[in-house]
Amino acid sequence: MRISQFPLHTLKETPADAEVISHQLMLRAGMIRKVAAGIYNWLPLGLRVLRKVEDIVREEMNRAGAIELLMPAVQPSELWQESGRWQQYGPELLRLRDRHQRDFCFGPTHEEVITDLVRREFSSYRQLPVNFYQIQTKFRDEIRPRFGVMRAREFLMKDAYSFHLDQESLEQTYQRMHQAYSRIFERCGLKFRAVRADSGAIGGALSHEFMVLADSGEDAIAFSDAGEYAANVELAEALAPSTPAPAAGEPMQLIDTPEAKTIKELVEQFGLPVERTVKTLVVTAADEAGGGLVALIVRGDHELNAIKAEKLPEVASPLRFAGEEEIRAAVGAGPGSLGPVNLPIPCIVDRSVSVLANFGAGANIDDKHYFGIHWERDVPLPKVADIRNVIAGDPSPDGVGTLQIARGIEVGHIFQLGEKYSSAMGATVLDEAGGSRVVTMGCYGIGVSRVVAAAIEQNYDERGICWPSPMAPFQIALLPMNMHKSERLREGAEALYGELVAAGFEVLFDDRKVRPGFMFADMELIGIPHRLVLAERALDAGTVEYRGRTDADSTEIARAELIGFLRERLAF
RNA sequence: CGGGGUGUAGCUCAGCCUGGUAGAGCACCGCCUUCGGGAGGCGGGGGUCGUAGGUUCAAAUCCUGUCACCCCGACCA
């Protein structure tokens, strides 16, 4: 491709409304332009990258035995009524009405449509299992779209849905999808991890997320430094330290702590180790548990995990923290002075708290704490549960190694759905014995447009994007130095361009009449992985200058060996 | 949806406080010089200052409404 014939609209300055690096660089490189909040044009350069990802996804899905189809973006409300999600989904579902006043939505996902298709078309167990996929535009009316295409409202998604007679068959396909996803992200050249995940609102049992590792990621993942264990921090099980509680020593004392409202202040002022403090968080109790408030206690250096807490029968879902007034009314002391001793409301303690001894906590009297608390001796041990986030250094829940924490961007998610949609919508087949059986389902998503942004978050430097080769919009940038001044150089560049194209490389030939520095800056910004510079000097010497996007220096390659050299370099 | 902020040229922004009829840099067009790291000079095009109303002799500037966008919180590929 000649740049003279390709709209390359790079920006020298960063648009003011871009927060994260991928958004900034995609705008500056001229890959995308905003049309409205969370809605983007993909310019030709960006589209080339998107198509690269799409092609890899399509190849690997096909290889894994999935069958491509295409479902409508606009879906009738009746199907969503059947699954119950017309009511449940909430304002994130973009609802539309046609000229006959019939309700529709712009599909945020396609379980209803695919289940409807399958119940009509499939009637025998002999036709199963089957796994359908599509690559299609979705719309989710996010409350707050942000970070460019990373969290857009309209986005490109690969979604797949599998149908099975039994759980065993579902598990086989689930495993194949797990492998296919791993291959996809490996082929994209991304560092990623598959982690156990919460199945969330979509429902179902087993679920894994595929996370591209990047410091800017919105999710935290926990993984074992020695074993296979990896899970979203939301889900990762937090064990209690295995050391047994020491025997009771000092008696419990009531201490004046007027200046210590926070754990940090308590630790600083009284020299108490933070691992022997606890914090008491007060949340709304579940109606089934009698309403009112319930206290959740975690160690001073730990954080409450809201998702785990919500799952407790005693705790209202969604989790809601009590205000200071409510706490005072129920406990008689303010939030900075709460603790398990003499606490007038129900209480649940984290596993790590249950094994503490000789620890400090608020006394439920303003400006006072108890130090030297021992369970059972000073206060009965309340209900114990896993309610905290794991932290680096915790033992791995599978007993192999210790946990590390990393940040990631969720680019894929696979679920074993079970019968949630098939039973609600009556998707059945006849089994061997002629009986009617509700099919069981899996679903598998990849945020194709998000993969593009995630790749940039993981691969950039101060000059711009550093595409992994398989995702790059072009593989090679061909930059002749001041070609307009030398007919000889023009001929040499044209010849080389022709040769590279004939050899099957995707070449971006900078035939603009611009200064060298301008060319370098543009090619580095848009992240072309391989750069060839052609100058008169080199022409005389019979060489071409090569430099990889992340190389420290360039190297001179003999013109005659160039194609072979590139073939080797670009093999992926 | 709650809290905070911003709307002035394609982009980044100044001007607003203290009303007097709109500017800079980059980008774009023309010419000349320059040419291995986002060049320089000269000339040029482009903005009813988000929008509606109000105050005023006069509004980008002050007031009110409204819309859009961005940032912080709960959701997700």
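So that the names make sense, note that chain A is the first sequence line, chain B the second, and so on, each numbered from 1.
- Atom CG of A:Asp510 is separated from atom P of B:C35 by 19 Å (rounded to the nearest Å).
- At the heavy-atom level, A:Asp159 lies nowhere under 4.0 Å from the strands shown.
- Taking the side chain of A:Arg547 as heavy atoms from C-beta on, and the options B:C13, B:C35, B:G37, the nearest nucleotide is B:G37.
- At the heavy-atom level, A:Leu156 lies nowhere under 4.0 Å from the strands shown.
- Using N1 to N3 plus N6-O4 or O6-N4 for Watson-Crick, or N1-O2 and O6-N3 for G-U wobble, each under 3.5 Å, B:A22 pairs with nothing.
- Of the candidate nucleotides B:C69, B:G37, B:C35, B:C35 has the atom nearest to the side chain of A:Asn482.
- The phosphate of B:C76 (OP1 or OP2) has no side-chain N or O of A:Arg146 nearer than 4.0 angstrom.
- Across B:G40 and B:A27, the matching P atoms stand 8 Å from one another, rounded to whole Å.
- With C1' as the reference atom, B:A60 and B:U48 are 11 Å apart, rounded to whole Å.
- With both pairing distances under 3.5 Å, B:A39 is matched to B:U33 as a Watson-Crick or G-U wobble pair.
- The pairing partner recorded for B:G45 is none, the criterion being a Watson-Crick or G-U wobble arrangement whose two distances lie under 3.5 angstrom.
- The side chain of A:Ile143 lies closest to B:G73 when the candidates are B:C26, B:G36, B:G73.
- Base pairing of B:C1 is made with B:G73, judged by Watson-Crick or G-U wobble geometry with both donor-acceptor distances under 3.5 Å.
- Following rounding to the nearest Å, A:Gln24 (CD) and B:C70 (C1') show an atom-to-atom distance of 13 Å.
- Among residues two or more places apart in sequence or in another chain, the side-chain contact (heavy atoms from CB on, under 4.5 Å) test is passed with A:Glu303 by A:Asn389.
- Remark: the A:His413 side chain and the B:C76 base include no donor-acceptor N/O pair separated by less than 3.5 Å.
- Checking B:A77, B:G38, B:C71 against every side-chain atom of A:Arg140, the shortest atom distance belongs to B:A77.
- Among the protein residues, A:Val451 comes within range of no part of the nucleic acid, since none of its heavy atoms lies under 4.0 Å from any strand.
- Nearest nucleotide to the A:Arg515 side chain, out of B:G36, B:A39, B:C71: B:A39.
- Taking atom P in both B:C13 and B:G7, one finds a spacing of 10 Å when rounded to whole Å.
- Aromatic pair A:Tyr546/A:Phe565: centroids less than 6.0 angstrom apart.
- The partner of B:A60, taking Watson-Crick or G-U wobble pairs whose two distances both stay under 3.5 Å, does not exist in any strand shown.
- The P atoms of B:C63 and B:G19 are separated by 12 Å, rounded to the nearest whole Å.
- Both A:Glu545 and A:Ala37 lie near RNA chain B, and the one whose nearest nucleotide falls closer to the 5' end is A:Glu545.
- Note: CD (A:Glu234) to C1' (B:A74) measures 12 Å, nearest angstrom.
- Computed from coordinates, the A:Arg512 CZ to B:G38 P distance equals 15 Å when rounded to whole Å.
- Distance, A:Tyr546 OH to B:G36 C1': 19 Å, rounded to whole Å.
- Taking the side chain of A:Glu13 as heavy atoms from C-beta on, and the options B:G36, B:C69, B:G25, the nearest nucleotide is B:G25.
- If you check every strand for non-hydrogen atoms under 4.0 Å, A:His9 touches nothing.
- A:Arg407 and A:Asp215 are not joined by a salt bridge, as no carboxylate oxygen comes within less than 4.0 angstrom of a charged side-chain nitrogen.
- As judged by a 4.0 angstrom heavy-atom cut-off over every strand, A:Ala16 is placed among residues touching the sugar-phosphate backbone only.
- B:G7 and B:C67 make up a base pair, with Watson-Crick or G-U wobble contacts both under 3.5 Å.
- A donor and an acceptor atom never sit less than 3.5 Å apart when one is taken from the side chain of A:Arg153 and the other from the base of B:C76.
- If you check B:C76, B:A74, B:C11 against the side chain of A:Pro15, the one that comes closest is B:C11.
- One P atom belongs to B:U61, the other to B:A9, and the distance between them is 15 Å to the nearest Å.
- Lacking a ring centre under 5.5 Å from that of the base six-membered ring together with a plane angle below 30°, A:Phe520 does not count as stacked on B:G38.
- Across B:U64 and B:A77, the matching P atoms stand 43 Å from one another, rounded to whole Å.
- Salt-bridge check for A:Glu60 with A:Lys158: failed, with every basic side-chain N at 4.0 Å or more from each acidic carboxylate O.
- Note on A:Ala152: a base of the nucleic acid sits closer than 4.0 angstrom, heavy atoms only.
- Nearest-nucleotide positions on RNA chain B place A:Leu11 closer to the 5' end than the other of A:Leu11 and A:Ala36.
- Other residues, nucleotides and ligands contribute more than 12 heavy atoms inside 6.0 Å of the OH atom of A:Tyr89.
- Checking B:C70, B:G36, B:U12 against every side-chain atom of A:Lys34, the shortest atom distance belongs to B:C70.
- Between B:G50 and B:U6, the two C1' atoms lie 11 Å apart (nearest whole Å).
- Paired with A:Glu524 under the rule salt bridge (charged side-chain N to carboxylate O under 4.0 Å, His left out), one option of A:Arg549, A:Arg547, A:Arg531 passes, and it is A:Arg531.
- Checking B:A77, B:G38, B:G36 against every side-chain atom of A:Arg28, the shortest atom distance belongs to B:G38.
- For the C1' atoms, the distance linking B:A58 with B:A74 amounts to 50 Å, nearest Å.
- Note: A:His178 and A:Tyr174 have tilted aromatic rings, judged against thresholds of 30 and 60 degrees for the angle between ring planes.
- For a distance-only test at 3.5 Å, the side chain of A:Arg144 fails to qualify as a donor-acceptor partner of the base of B:C70.
- Counting to the nearest Å, the C1' atom of B:A77 and the CG atom of A:Asp141 are 16 Å from each other.
- With salt bridges taken as basic N to acidic carboxylate O contacts below 4.0 Å, none links A:Asp386 and A:Lys311.
- The distance from atom CG of A:Asp219 to atom P of B:A77 is 10 Å, rounded to the nearest whole Å.
- The distance from atom CZ of A:Arg176 to atom OG of A:Ser162, rounded to the nearest 0.5 Å, is 11.0 Å.
- For the pair A:Lys513 NZ and B:U33 P, the interatomic distance rounds to 10 Å; values are reported in whole Å.
- Ranking B:C13, B:A77, B:G37 by closeness to the A:Glu524 side chain, first place goes to B:G37.
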